[in-house]
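Let me begin by presenting the structure, written as structure tokens, before commenting on it.
Keep in mind that this is a model prediction, so the values were computed, not measured. Sequence positions, counted from 1, serve as the residue numbers for this chain.
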Amino acid sequence: MHQLQGKLCFLLVFVILHAENGNSFETIHFKSKTAINVQTSAAYDVILRILPPNTAAQFKVSVNPDIGPSHLTTYKFSSDGKIVYITGTSGVAVVWGFHHYLKHYCNCHISWQGSQLDLPSPLPVVSPEVLITSLNQVRYYQNVCTVSYSFVFWNWTRWEQHIDWMALNGINLPLAFTAQESIWQRVYLKMGLTQQDLDEHFAGPAFLAWSRMGNINAWGGPLSSHWHTFQLDLQHRILKRMRSLGMMPVLPTFAGHIPNAITRLFPNASVTRLRNWGHFSDPYCCTYLLDSQDPLFKQIGTAFIKEMIEEYNGTDHVYNGDLFNEMTPSSSDPDYLSAASRGVYDTIAAADSKGVWLMQAWLFTKGTFWTHEAIKAFLGGVPKGKLILLDLQAESQPVYNKTSSFFGQPFIWSMLHNFGGNHGMYGMLDAVNKGPFDAMKYKDSSMIGTGLSPEGIDQNYIIYDFMSDLMWRNKSVDIQKWIKNYSLRRYGSESASQALLLLARSVYNCTDAHEDHCAAIVVKRPTKDMSYQIWYNESDVVASWKAFLKAVDKVKISRLFRYDIVDVTRQVLQDFAYHVYTNIMNGYKTNSYTAVNTYGDMLLELLLDMDRILSSHEDWLLGKWLVAAKLLATNAEEQNLYEFNARNQITLWGPNGEILDYGNKQWGGLLKSYYYDRWKLYIDTLLNCVETKHKFNQTVFNEQSLMLGQAWTKDTTIYPVIPTGDTIEISRQLYSKYETSFKEINRKIRKQHERKP
């Protein structure tokens, strides 16, 4: 049994807040029981990991819970130019204040892709001291899918960096889902299930998120004993670090999803076999859901929570579990829905009397089942204040304003932004800039925090930095001014601000219903009638690319600047590919072999050009994803399984392309192999159709494409982990190569707009 130093659990203090309409809800004050000296030391250790020792020595930090309201987060700092003094109500508050000073006084930048830490000397004077108190109790982080799309193959070194990033951005309520299969294994084996039963239940590493939500069984598995051991050790480190900083890690709970073998051991249990999810077939579907009113539900759920509490030396009293995620309940009867939610909460409370249930409100945005009355019945099954709703995609599909602020249950306004960890520039700057503040002003608002909940990270960092920077503010910001400051922080110069402003008014400010699920044709299986989501003026993105290249001589060519050059180059070529595709299809429709061949070659060359620019930067390489997976293995069998998981998730997403291309990535090595081969097959097929005067058969092509994909997922070709070529020079060459084509496209687009009434 692992033992954490001290009882790093949290004291939950409950306060009744009364709304004007007479409703009241019990909300939570998060107060860490971690010793002040431990939090202070943990906060300073973050600073030491970010700055050189001699620079870090200029920062003096302390934790004092009494400098602000007990239920909010407060930090203050001052500087005489030699020493910066930072005090916060928790370790997280101290690090958040440190980051505030670095960003807004030293013009520094810390992101997922790297840092710009050129601190001025002497350090900027801050007098009188700055004091900031958060408007809300919590800053939440993660989506239940992030652990699979982004974190799945991380080691402790990578986790440590990311927990530091959480603290820098004031995150105090992060998910901590690692290793839950290790706990479930213990619980189920004690109940009489066999290891084979569990091997047929747990999905493989890259698909655990959907196994946990009851969407699929076993795909990509089984999990090895070493996997369980490694993940459990990792979870102990994660929890210890989070708690030492004063964070409140959210642990999983039981939502009724059970191994199929439960029906053998408990034939009288009240279970429902759920419908097919994601087109999966047996043996990977269809999972069983145990009725929350069945006594067995509480037996399993309490055993799981108690096992976690014992293993992790305490709990922080908040548990996440999602009932009916992308699944339709078996009944719309209000009593049934109320009983279903009550059963989950009662199970939590039976194991932890202070327990609070955190649930995604994602299910309420899908389909027609969840009417106003159905949602009210479901939420009403839990005492007010004992259920926290995560308004998962509030920037575009808020639920709070359609449910009278979740009928009084506390909620977190969260930005989802990304699906599948896809690449592709996207953002809703205007919506994000006003959304949280509108939610706070909503009549009888029960909002208690803000959050970030992307399905995958390592994309569009500017949007996450923007949202994070709003979390300490009390009003919206001037976006143009913020963008200019972002350029100064990220690159050490405002010279690239014009490039970013062009993106901010186009790809980063979607104002319609488009979502960030990349549907670029280069990463989608070809068909005869492909569409492409464009919510912006493509010429703005081309102009941004040109502006980035123009700024090369005026900024320090850093890893961050090169990353963004790759991104904008990739985006423009991604957009251009659609226009080439339309020319291919026009050639096919007019039976022009020459046109299909000419534009087909152009598209294939474009894919190789995209691969070339992507391969020039260390953060855009397929090889790094595959190597990270293989490094977790202890033998050849594990290595093959982990690599297969890594390859399948980003391509077929299932044995037969059940969720094809949902987790698509634009990585160097991936474009010139998987995507290139698929497009070449398509173009060759079209050429054959034109030549033989046969119609294109999509079904036959899909089968041939699937065979290509299956072969690729089982392949073990080694891809580079070291970049090739000069990013700036390659980008310049590609701009010159395609500049004339871009101008021609813009002329066509302008003519189309002129013809519209």
Notebook entry, point to check: Should we count NZ of K366 as having more than 12 external heavy atoms under 6.0 Å?
Noted result: yes
Item checked: Neighbour count >12 (heavy atoms, 6.0 Å) for atom NZ, K524 -> yes
Geometric class of the [Y]/[X] ring pair [parallel <30°, tilted 30-60°, perpendicular >60°]:
| X | Y | result |
| --- | --- | --- |
| F324 | Y336 | tilted |
| W210 | W653 | perpendicular |
| H372 | F407 | perpendicular |
| W277 | F280 | parallel |

Item checked: Audit row: W357, Y345, ring-ring contact (aromatic ring centres under 6.0 Å, His included) steps and yes/no -> CA-CA 6 Å; W357 179 17; Y345 170 71; 7.9 Å; no
Margin query: Taking the ring centre of each residue, are Y461 and W112 less than 6.0 Å apart?
Written below: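 Ring-ring flag for Y461/W112: true, centres closer than 6.0 Å.
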Check: Going through the distances and angles, do D346 and K298 end up as a salt bridge (charged side-chain N to carboxylate O under 4.0 Å, His left out)?
Finding: CA-CA 8 Å; D346 285 348; K298 184 174 288 188; 5.2 Å; no
Checklist line | Residues T194, D197; criterion side-chain hydrogen bond (donor to acceptor under 3.5 Å, both in side chains); working and verdict | finding: CA-CA 5 Å; T194 67; D197 292 333; 3.1 Å; yes
Next item on the list: Please step through side-chain contact (heavy atoms from CB on, under 4.5 Å) for the pair S341 and V382, ending with a clear verdict.
Entry: CA-CA 6 Å; S341 61; V382 182; 4.0 Å; yes
What's the spacing between [X] [atom1] and [Y] [atom2] if we round to 0.5 Å?
| X | Y | atom1 | atom2 | value |
| --- | --- | --- | --- | --- |
| D391 | L389 | CG | CG | 8.0 Å |
| N401 | F406 | CG | CZ | 9.0 Å |
| L251 | Q235 | CG | CD | 6.5 Å |
| T511 | L429 | OG1 | CG | 11.5 Å |
| S32 | N172 | OG | CG | 10.5 Å |
| Y312 | I309 | OH | CD1 | 11.5 Å |

Would you call [X] and [Y] a side-chain contact if the rule is heavy atoms closer than 4.5 Å?
| X | Y | answer |
| --- | --- | --- |
| K402 | I375 | no |
| Y319 | D352 | yes |
| M471 | N169 | no |
| L363 | D322 | no |
| Q397 | L416 | no |
| Q360 | S453 | no |
| T73 | V92 | no |
| F254 | L290 | yes |

Note to self: Using ring-ring contact (aromatic ring centres under 6.0 Å, His included), reason through H201 and W184 one step at a time and then give a plain yes or no.
What the structure shows: CA-CA 11 Å; H201 176 62; W184 279 121; 8.2 Å; no
Margin query: Go through it in stages, so that I can follow the logic: the residues are T365 and V399, the test is side-chain contact (heavy atoms from CB on, under 4.5 Å), and I'd like the CA-CA distance, side-chain angles, deciding distance and then a yes or no.
Written below: CA-CA 7 Å; T365 67; V399 179; 3.6 Å; yes
Next item on the list: Could you walk me through whether M248 and V138 pass side-chain contact (heavy atoms from CB on, under 4.5 Å), step by step?
Entry: CA-CA 10 Å; M248 189 168 192; V138 299; over 6 Å; no
Next item on the list: Report the C-alpha distance between M242 and I163 in whole Å, list the side-chain angles of each, state the deciding distance to 0.1 Å, and finish with yes or no for side-chain contact (heavy atoms from CB on, under 4.5 Å).
Entry: CA-CA 7 Å; M242 287 178 172; I163 295 171; 4.3 Å; yes
Check: Can you check side-chain hydrogen bond (donor to acceptor under 3.5 Å, both in side chains) on T527 and D529, steps first, answer last?
Finding: CA-CA 6 Å; T527 67; D529 54 355; 3.3 Å; yes
Checklist line | Ion pair D661/R525, N-O distance below 4.0 Å | finding: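 Salt bridge absent between D661 and R525.
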Checklist line | Intermediate values then yes/no, ring-ring contact (aromatic ring centres under 6.0 Å, His included), H162 and Y141 | finding: CA-CA 11 Å; H162 205 60; Y141 177 56; 5.5 Å; yes
Checklist line | Pair F411-Y400, ring-ring contact (aromatic ring centres under 6.0 Å, His included): steps then yes or no | finding: CA-CA 8 Å; F411 77 94; Y400 77 88; 5.3 Å; yes
Notebook entry, point to check: Applying the side-chain contact (heavy atoms from CB on, under 4.5 Å) test to L208, which of V144, N645, T178, L223 qualifies?
Noted result: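 When V144, N645, T178, L223 are each tested with L208, the side-chain contact (heavy atoms from CB on, under 4.5 Å) holds only for L223.
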Item checked: Qualifying residue for ring-ring contact (aromatic ring centres under 6.0 Å, His included) with Y426, from Y508, Y536, W535, F419 -> W535
Checklist line | Donor-acceptor contact present, side-chain H257 to main-chain M213, <3.5 Å | finding: yes
Note to self: Can a donor-acceptor pair be found, under 3.5 Å and without considering hydrogens, that links the side chain of S445 to the backbone of K441?
What the structure shows: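 Such a contact is absent between S445 side chain and K441 backbone.
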